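Data block below; observations after.
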Amino acid sequence: MALMSAEKIIIGNWKSYKKGGEALEWFRAFEEGLRGKDITSKTVVICPPFTLLHLMNDLNRRWTYELYKQGIQIKIGAQDVSPFGEGKYTGEVNAEQLTEFVDWVIIGHSERRGALKETDDILIKKVEQAKAAGLKIVYCVENENVSIPEGVDVVAYEPPTAIGTGKPDTPENANLVAGLIKERNLYVQKVIYGGSVDPSNVVSFISQPNIDGVLPGGASLDPEKFLQLVLANPQ
Ligand code: PGA
């Protein structure tokens with residue numbers, strides 16, 4: 001399904017946080033908070049660690065009847081995918097396996113490019129695998145100069161200095177970079193911003209004409225904060 005142009009995309013990245021009980025509590029609070037609210041112009045994706053994908057997918061199917069009646073559908077995403085298909089790749093989770101639980105996948109997060117030494121070559125393979133499996137791809141870049149493989153659905157502009165530091169980029173600069181990314185990669189239709197997004201600054205980012213949503217990490221761990229991010233509307 002194509003993303004509508006006015007739609008805002010809110011993607012929560014839980015990173016390597018939470019165990020089952022916490023995920024359950026989070027989901028319950030988030031689901032309750034969404035009842036009676038109108039977020040039909042939003043795409044909401046939650047990206048838990050691999051260990052919680054089964055549970056979160058299950059909760060999302062069982063506990064969302066009230067939301068479904070309101071026209072709200074939450075999506076689950078993975079934070080990474082194997083560059084390989086099925087096979088002898090110990091520890092890897094391949095794209096086809098992910099399709100049992102998720103619709104989306106994050107590829108190329110700066111924490112993986114940095115701490116896990118993922119290169120552009122590896123990331124291209126991940127994009128190919130994810131695309132062949134029919135997953136929607138959020139591809140992270142640190143600036144407008146990073147090459148972006150064709151076929152990604154959303155690009156996330158995430159300057160590493162802003163990630164987890166409480167020091168976000170300015171909305172104006174993020175808008176500029178998002179505009180350059182779209183200009184240089186004509187197939188990229190959606191660019192979101194990530195890096196210390198929280199309820200106090202989200203509107204300033206999503207009000208920018210070139211910014212189509214946000215990718216919060218830390219703020220997505222708290223269901224109340226994530227709810228505020230999801231409910232925020234551009235001015
Ligand atoms: P942060 O993380 O919101 O905690 O800065 C964003 C991200 O890493 O995607």
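Bear in mind that the values here come from a model prediction, so they are computed numbers and not experimental data. Order of listing sets the numbers, starting from 1, for every ligand and every atom in it. All residue numbers refer to positions in the sequence shown, counting from 1.
- The ligand atoms of ligand 1 that sit less than 4.0 angstrom from a heavy atom of G218 are 1 (P), 3 (O), 4 (O).
- Residues E31 and L34 form no side-chain contact, since every pair of their non-hydrogen atoms from C-beta on lies 4.5 Å or further apart.
- Within the 4.0 Å heavy-atom cutoff, G164 counts among the residues contacting ligand 1.
- For the residue pair D169 and Y157, a side-chain donor N or O sits within less than 3.5 Å of a side-chain acceptor on the partner.
- Listed by number with element, the atoms of ligand 1 under 4.0 angstrom from any heavy atom of A162 are 5 (O).
- Residue I163 places no N or O, backbone or side chain, under 3.5 Å from any N or O of ligand 1.
- Among V127, V102, D153, I107, the one residue that satisfies the side chain to side chain contact (heavy atoms under 4.5 Å, CB included) test with L135 is V102.
- In the model, D198 has a side-chain atom that pairs as donor or acceptor with a side-chain atom of S200 under 3.5 Å.
- Of all atoms in ligand 1, numbered sequentially from 1 with element shown, those under 4.0 Å from a heavy atom of N13 are 9 (O).
- Across all their heavy atoms, V45 and G77 have their closest contact at CG1-N, 3.8 Å.
- Taking any N or O of A219, backbone or side chain, none lies under 3.5 Å from an N or O belonging to ligand 1.
- Interface atoms of ligand 1 facing P216, defined by a heavy-atom separation under 4.0 Å, are 3 (O).
- One side chain, H109 or E158, offers a donor N or O that lies under 3.5 Å from an acceptor on the other.
- Near L215, meaning under 4.0 Å from any of its heavy atoms, are these atoms of ligand 1: 6 (C), 9 (O).
- A 4.5 Å side-chain heavy-atom check between D58 and F27 finds every atom pair outside the cut-off.
- Of all protein heavy atoms, the one closest to atom 9 (O) of ligand 1 is E158 OE2, 2.7 Å.
- Among protein heavy atoms, the minimum distance from atom 3 (O) of ligand 1 is reached at G217 N, 2.8 Å.
- Scanning all heavy atoms of the two residues, the minimum distance from S196 to G166 falls at OG-N, 2.8 Å.
- The distance criterion of under 3.5 Å between nitrogen or oxygen atoms is not met by G195 with respect to ligand 1.
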Q: Apply salt bridge (charged side-chain N to carboxylate O under 4.0 Å, His left out) to the pair R113 and E142, showing each step before the final yes or no.
A: CA-CA 10 Å; R113 291 178 191 259; E142 63 176 343; over 6 Å; no

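- Between H109 and ligand 1, an N or O atom pair is found at a separation short of 3.5 Å.
- Protein heavy atom closest to atom 2 (O) of ligand 1, with residue, atom name and distance, is K15 NZ, 3.2 Å.
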